[in-house]
Amino acid sequence: MNILVLNCGSSSVKFQIIETDLDLIEKNFDKRLASGIIERVGSQSLITLQADGKQKLKQATALRDHRAAIDYILRWIISPNANIANIISLADIHAVGHRVVHGAEKFTKSVLIDDEVIEGIEDCIELAPLHNPANVKGINVARELLGTGIPQVAVFDTAFHSTMPETSYLYALPYQLYRRYKIRRYGFHGTSHRYVAYRYRQLLKIEREQTNIITIHLGNGCSACAIKNGNSVDTSMGMTPLEGLVMGTRSGDIDPSISYFIHHKEGLSFDELGVMFNKQSGLLGVSGLTNDMRELIDEETEHQDRRATLAIDMFCLRVKKYIGAYLAELGGSDAIVFTGGIGENSAIIRERICNGLEFFGLTIDKNRNGEMFGGKEGEISVANSKLKAFVIPTNEELLIARDTVRTVKNVPRRW
Ligand code: AMP
C-alpha cells in the first residue's frame with residue numbers, strides 16, 4: 001500500500017509517501033517514495049518537495065491555508081514533474097496516516113478516522129490548543145480532497161504513554177482537578193519513543209517484554225521516557241510539551257511560583273507568560289543567542305561564549321538528572337537510547353550527558369560515539385559496559401505509515 005503521511009502544524013504541513021504492507025513491515029522492506037514540507041502556510045509559503053532518488057525542488061508561492069497547502073501537495077504528487085515511483089493518480093494513494101498531537105485519555109492507540117473520532121480529537125483541543133486544531137484541519141481537508149472512500153488513520157503522540165501508572169501521571173494537586181478537567185501528565189513524542197524502543201529490540205533480537213530502557217529524544221523539543229517491559233511508565237513532558245527537559249525555546253521544569261512572581265513584577269498576562277515559557281526560554285533564553293544546538297556549539301568553540309556554554313551545560317545536566325531519576329524509578333535499565341536531531345548527531349552532547357554516569361556502569365566508547373551521526377544506528381558504549389548506550393535515529397513517519405496499514409487491515413499492533 002502507498003500511504004500518505006500528513007503532519008499538519010499550525011503554519012506548516014509535512015508529508016511523506018511510504019510504500020509499506022504487512023509483509024514489508026515484517027522484512028523491514030518498506031520504503032519512502034517522496035517527502036516534503038510547506039512552511040509559512042497562510043502567507044508566502046516555502047515549499048520543499050522531493051521524490052526519493054530525485055532532485056529536491058524548492059519553490060515559493062502564496063498558500064492561504066492548510067487546504068491550499070494539501071491541495072498543492074496532492075497536485076504535485078500526481079504531476080509528471082514529480083515522477084514518483086508507482087504513483088500516477090490519486091487512486092494510487094491507498095490510505096492516509098495523520099500525526100495527531102493530543103489524544104488525551106480517549107485515544108490510547110491509533111484509530112480509523114470517522115466522524116466520531118474527529119469529534120473526539122476536537123474535544124482534546126482544550127488540552128492542545130496550539131496543535132490539535134491544525135491536525136483536525138488536515139484530516140478534514142484530506143477527506144474532502146481524497147474522498148471518504150480512502151481510509152484515514154490518526155496516530156497520537158500521547159498514545160504510547162497511556163500505560164503510565166497514576167503515580168507517574170498525576171500531579172500532586174487537589175485530586176478534584178484531575179476529576180474535573182483531566183489535569184495530568186500525558187507525555188508527547190510517543191511515536192518517536194515507541195519507534196526507537198521497537199528498533200532497539202529488533203537490533204538486540206529480544207522480545208517486547210524484555211525491553212527495559214530509557215529513551216532520550218533530543219531535538220528542538222526534548223523528552224525522556226522510562227520504558228519497562230516494553231511499556232512507557234514515565235515521561236518528562238507533562239500535560240503539555242512544556243514540562244521536563246531544557247529545550248530549544250521551552251524552559252522545561254520550573255517552579256510554578258515563577259509564573260505569578262513575573263506576573264506581579266513585570267505585569268505579563270498569563271498568555272504572555274505562556275509565550276515566554278514556550279518560545280523565549282530554553283537554549284534561546286539562557287544563551288540569548290539561538291535555539292539551535294549546532295550554532296551554540298560553534299559559539300562555544302569559536303568564541304568561548306560564556307552563555308552558550310551555560311545553556312549547553314544546563315541542557316546536559318537536566319538530561320542527566322532525568323536519567324538518574326529514571327534509573328532509580330526503573331530499578332536499573334539495560335540501555336540509554338539517544339534520538340532526535342541532537343541525540344542522533346551530536347557526539348559531544350551525548351558525551352557531556354554521559355560523563356559521570358560511570359557510577360551506574362556506563363562507559364562511552366569515544367570512537368564509536370564520534371562516528372555516530374547522519375542517520376547511523378548502533379551502540380556507543382564499550383563492549384562490557386553494564387549500562388549500555390545507543391544511538392537510534394527516529395522515524396515517526398514510518399511508524400505512522402505502519403500503524404495506518406495495520407489499523408486499516410485490522411491487525412493488532414505489537415507496539
Ligand atoms: P529536530 O527537532 O529533531 O530536527 O532537531 C533539531 C536540533 O538538532 C537543532 O537544535 C539542531 O541544531 C540540532 N542538530 C542537528 N544536527 C546537529 C549536530 N550535528 N550537532 C549538534 N546539534 C545538531
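Atoms within a ligand are numbered from 1 in the order they appear, just like the ligands themselves. In what follows, residues are counted from 1 in the order of the sequence shown.
Close contacts of ligand 1 with Gly219, meaning ligand atoms under 4.0 Å from a residue heavy atom, involve 1 (P), 2 (O), 3 (O), 5 (O). The atoms of ligand 1 that sit less than 4.0 Å from any heavy atom of Asn220 are 1 (P), 2 (O), 5 (O), 6 (C).
Between the side chains of Asn231 and Arg208, at least one donor-acceptor pair of N or O atoms lies under 3.5 Å. Using modelled atom types, one finds a donor on one side chain and an acceptor on the other under 3.5 Å when comparing Thr394 with Ser192. Remark: the Asp234 side chain and the Tyr322 side chain contain no N/O donor-acceptor pair separated by less than 3.5 Å.
Any N or O atom pair closer than 3.5 Å counts here, and His217 shares no such pair with ligand 1. Between Gly221 and ligand 1, no N or O atom pair is found at a separation short of 3.5 Å.
For atom 14 (N) of ligand 1, the closest non-hydrogen atom of the protein is Gly341 O, 3.7 Å. Among protein heavy atoms, the minimum distance from atom 19 (N) of ligand 1 is reached at Asn345 CB, 3.4 Å. Closest to atom 21 (C) of ligand 1, if we only count protein heavy atoms, is Ser346 CB, 3.5 Å. When only non-hydrogen protein atoms are considered, atom 7 (C) of ligand 1 lies nearest to Ile342 CG1, 3.7 Å. The protein heavy atom nearest to atom 23 (C) of ligand 1 is Arg294 CG, 3.8 Å.
Aromatic pair His263/Phe270: centroids less than 6.0 angstrom apart. Taking the six-membered ring for Trp, His102 and Phe188 have ring centres closer than 6.0 Å.
Using a 30° and 60° split on the angle between ring planes, Tyr169 and Tyr178 fall in the tilted class, from 30° to 60°.
Around atom NZ of Lys388, more than 12 heavy atoms belonging to other residues, nucleotides or ligands sit under 6.0 Å away.
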